[in-house]
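Throughout, a chain's letter reflects where its sequence line sits, starting with A, and its residues are numbered from 1. Note that the coordinates shown come from a computational prediction; the quantities given were computed from them, not determined experimentally.
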There are 2 protein chains.
Amino acid sequence: MGIKPVKTLTLSDIARLAGVSESTASRALRDNPVINAQTREKVQQIAAEHQFKVNATARSLRTQKSHTIAVIILFDAKTQQTITDPFLLEILGVIADELTRQGYDMLLSTSKTTDKDWRSYYFDSKRADGLIVIGQGEHDERVEQLSSAGVPFVVWGAPTGSEAFAVIGSDNRQGATLAVSHLLAQGCKRIAFLGDIRHTEIEMRYLGYQDALLAAGIKPEPLLQLNTDFTAQAGYVQTQQALFKQLGSLDGIFAASDAIAMGAMKALLEQGISVPQQVALVGFDDIAMSAYCTPSLTTVKQDTQAGGKLLVAQLLGQINGAKAASQLLPVKLIERQSSLRKE
Amino acid sequence: MGIKPVKTLTLSDIARLAGVSESTASRALRDNPVINAQTREKVQQIAAEHQFKVNATARSLRTQKSHTIAVIILFDAKTQQTITDPFLLEILGVIADELTRQGYDMLLSTSKTTDKDWRSYYFDSKRADGLIVIGQGEHDERVEQLSSAGVPFVVWGAPTGSEAFAVIGSDNRQGATLAVSHLLAQGCKRIAFLGDIRHTEIEMRYLGYQDALLAAGIKPEPLLQLNTDFTAQAGYVQTQQALFKQLGSLDGIFAASDAIAMGAMKALLEQGISVPQQVALVGFDDIAMSAYCTPSLTTVKQDTQAGGKLLVAQLLGQINGAKAASQLLPVKLIERQSSLRKE
DNA sequence: GGTGATATTGCAATCGATTGCAATAGCTGA
DNA sequence: TCAGCTATTGCAATCGATTGCAATATCACC
């Protein structure tokens with residue numbers, strides 16, 4: 001409906017209107033101190049009057065900086081659906097805010113897009129100055145590839161201390177230990193673990209689960225570890241099956257995410273099993289909904305604010321020449337009704 | 001850690017390696033039929049060998065197309081937090097997938113960023129070829145501004161049929177009518193409405209709520225409409241207050257979103273009020289978690305798949321010269337436990 | 001053999017902003 | 001009055017790819 005196609009003004013138009021050269025106009029607009037104060041103000045005023053905006057493309061081409069960060073959300077190969085995990089979305093939001101606060105644009109893409117080669121697509125093509133990779137399982141060959149290509153990038157995942165690139169993530173092992181110790185303290189004897197240990201982060205949570213059991217003198221039973229996708233549905237289905245097989249013997253569940261935990265809770269309640277009395281339940285993430293299910297969900301809170309900011313800070317650091325450094329974030333157990341057995 | 005800073009190759013490098021001019025190389029890579037087949041293949045092979053990627057910035061500058069769409073997520077002015085509403089995130093995911101499927105990049109930004117002027121920032125600066133605006137309340141002056149500036153853009157909201165730009169959205173009024181009629185059919189007499197009617201979409205839902213009541217010969221009571229933000233917390237707090245004031249008289253709640261509904265459910269159960277027996281509850285959106293709370297939530301399902309795809313299709317259409325056209329999407333009532341009173 | 005048509009390829013301008021270096025003007029001090 | 005400085009400003013190249021138009025080569029047909 002554009003009856004007013006308003007040909008966008010260019011720097012050269014502004015320069016002409018102000019009666020100066022393009023170079024002077026450019027410097028004036030960028031507050032280059034070498035320019036006379038009066039000239040600068042005149043140029044800036046004229047630019048403002050005409051709503052002049054620097055052409056970001058031309059600037060990028062000349063300066064060789066896009067001032068854009070690509071954020072890539074990884075998926076499970078099989079769960080080919082769109083972003084669903086509330087936790088990932090939460091951290092995505094924090095990153096978005098932080099990037100804009102730092103004056104960067106954010107290019108978002110789902111893993112499907114760029115199946116082939118992120119470096120080519122985002123970096124070589126100069127679409128982005130750096131990459132943030134979010135998602136389960138950084139055992140991705142594409143990440144390794146980035147690493148060896150000298151591209152600035154950061155991964156949200158499980159820092160091991162030995163990786164060649166920067167990984168920011170929660171102390172999953174410690175978090176799991178907190179959760180499981182808490183369940184044990186509530187009197188649980190047989191605790192199931194719902195989560196897919198092929199993802200490094202979940203593997204760490206499983207290790208923490210084992211740590212806690214061993215510390216209590218309990219030998220972990222491999223059969224109690226059930227691979228479960230990051231959805232309420234998967235949690236629901238797995239719990240139903242687990243109940244079918246081991247009804248009566250389970251008295252605790254540690255779910256690798258809150259979504260999984262909510263699915264599990266549904267399955268339990270549906271079978272008339274009381275939570276937390278018969279089976280106590282703990283999740284992981286502390287998504288917004290966790291406080292509002294019934295019973296409310298005990299969970300391990302990940303600090304998304306700190307995480308998102310750190311990812312951005314670390315990446316921008318690299319872009320400015322700092323070297324990659326991983327970091328582990330502390331977590332906190334949030335005790336709610338799903339695990340607290342009143343005495 | 002980049003020990004291998006691999007200076008990226010340019011088109012001119014490829015041309016030299018292939019022994020042709022830059023123009024020929026460019027045309028060969030773009031499969032321009034005017035180029036001899038052998039030449040084309042040779043150039044393409046050399047480009048592939050060297051992992052050459054066209055510099056997107058240079059191409060954009062020359063072609064005057066960014067092949068990028070900016071997606072702007074609006075916030076409530078007061079709720080200055082990051083994206084939280086699960087529904088918005090879901091539709092965002094669909095848009096992301098669809099854009100990449102169409103070969104477009106997606107620039108994501110939260111409203112805070114660009115508080116000033118979207119047209120300037122995204123369009124005049126040539127960062128994006130078009131805009132998608134998502135969020136409650138398109139009564140935003142910035143939207144009006146876009147409209148009069150001839151920028152290709154689409155809004156997710158409440159199509160009224162009279163707006164000057166393209167709005168894609170669900171049939172909120174019809175959805176609400178379905179929901180409330182259902183509550184009435186379940187025997188509810190006094191139904192509260194939780195939602196902020198200052199948002200156009202919610203206003204439509206409120207109108208639908210009134211429609212259903214009037215159709216049943218019930219006069220809507222203004223006191224039963226409670227402005228509520230899009231969060232579980234707000235739903236919880238408002239419901240607590242409502243209960244405090246009108247305990248015993250309410251027998252139904254229609255919440256303007258599932259998150260609100262879940263908060264409301266929590267408040268009800270906490271007070272020992274049974275759902276759906278004493279108070280029946282219906283939400284809106286059908287987010288993933290709705291099926292997994294207890295009791296599971298009856299809700300009005302919005303077709304996010306269709307919505308996202310339509311937004312993209314409509315926008316790309318505009319970019320290619322088609323004219324803006326709004327569209328209303330049908331919704332569906334999903335009956336679950338929170339409202340079904342068994343006889 | 002000559003002429004016009006057709007198939008390929010290359011030259012050079014262009015997109016819009018940035019910046020190294022040169023140029024000019026104005027001023028100071030001897 | 002003039003060399004020497006400083007403060008400003010402008011010229012022109014550059015970033016990398018695309019494309020209108022011209023140039024050349026090739027071929028067919030009379």
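- Projected onto DNA chain D by closest heavy-atom contact, A:Leu61 and A:Ser23 fall at different nucleotides, the more 5' of which corresponds to A:Ser23.
- The separation between B:Arg30 atom CZ and D:dG16 atom P is 18 Å, rounded to whole Å.
- Counting non-hydrogen atoms under 4.0 angstrom, A:Val34 reaches a base of the nucleic acid.
- Of the N and O atoms on the side chains of B:Ser12 and B:Glu22, not one donor lies less than 3.5 Å from an acceptor on the other residue.
- Contacts of B:Thr39 with the nucleic acid, taken as non-hydrogen atoms under 4.0 Å apart, involve only primed sugar atoms and P, OP1 or OP2.
- Rounded to whole Å, atom P of C:dT6 lies 19 Å from atom CD1 of B:Ile35.
- When the P atom of C:dT14 is taken as reference, atom CG of B:Asn55 falls 21 Å away, rounded to whole Å.
- Set against D:dG16, D:dT9, C:dT8, the side chain of A:Asn36 has D:dT9 as its closest nucleotide.
- Between the side chains of B:Ser66 and B:Asp129, at least one donor-acceptor pair of N or O atoms lies under 3.5 Å.
- At whole-Å resolution of the value, CG in A:Asp124 and P in D:dA17 are 11 Å apart.
- Considering only side-chain atoms of A:Gln64, the nucleotide from C:dA17, D:dA17, D:dC15 that sits closest is D:dC15.
- The side chain of A:Arg62 has C:dA17 as its nearest neighbour among D:dT9, D:dA17, C:dA17.
- Remark: B:Thr10 is not in phosphate contact with D:dG16, judged by side-chain N or O atoms under 4.0 Å from OP1 or OP2.
- Residues B:Ser21 and B:Thr24 bring a donor and an acceptor atom of their side chains to less than 3.5 Å of each other.
- Rounded to whole Å, the distance from CZ on A:Arg40 to C1' on D:dT8 is 13 Å.
- Considering only side-chain N and O atoms, A:Ser26 lies under 4.0 angstrom from the phosphate OP1 or OP2 of C:dT18.
- A:Ser60 contributes a side-chain N or O that, together with a main-chain N or O of A:Lys65, makes up a donor-acceptor pair within less than 3.5 Å.
- Between the CZ atom of B:Arg127 and the P atom of C:dC15 there is a distance of 21 Å, rounded to whole Å.
- What separates NZ of A:Lys42 from C1' of D:dT8 is a distance of 15 Å, to the nearest Å.
- A donor-acceptor contact closer than 3.5 angstrom links the side chains of B:Tyr121 and A:Asp105.
- Across the interface with DNA chain C, nearest-nucleotide mapping of B:Ala58 and A:Leu29 shows B:Ala58 to be the residue nearer the 5′ end.
- B:Arg59 contributes no side-chain N or O that forms a donor-acceptor pair with the base of D:dT18 under 3.5 Å.
- Side chain of B:Thr24, nearest nucleotide from C:dG10, D:dG10, C:dT19: C:dG10.
- Taking atom NZ on A:Lys65 and atom P on C:dG16, their separation rounds to 23 Å, with Å as the unit.
- A:Arg27 comes within 4.0 angstrom of a base, heavy atoms only.
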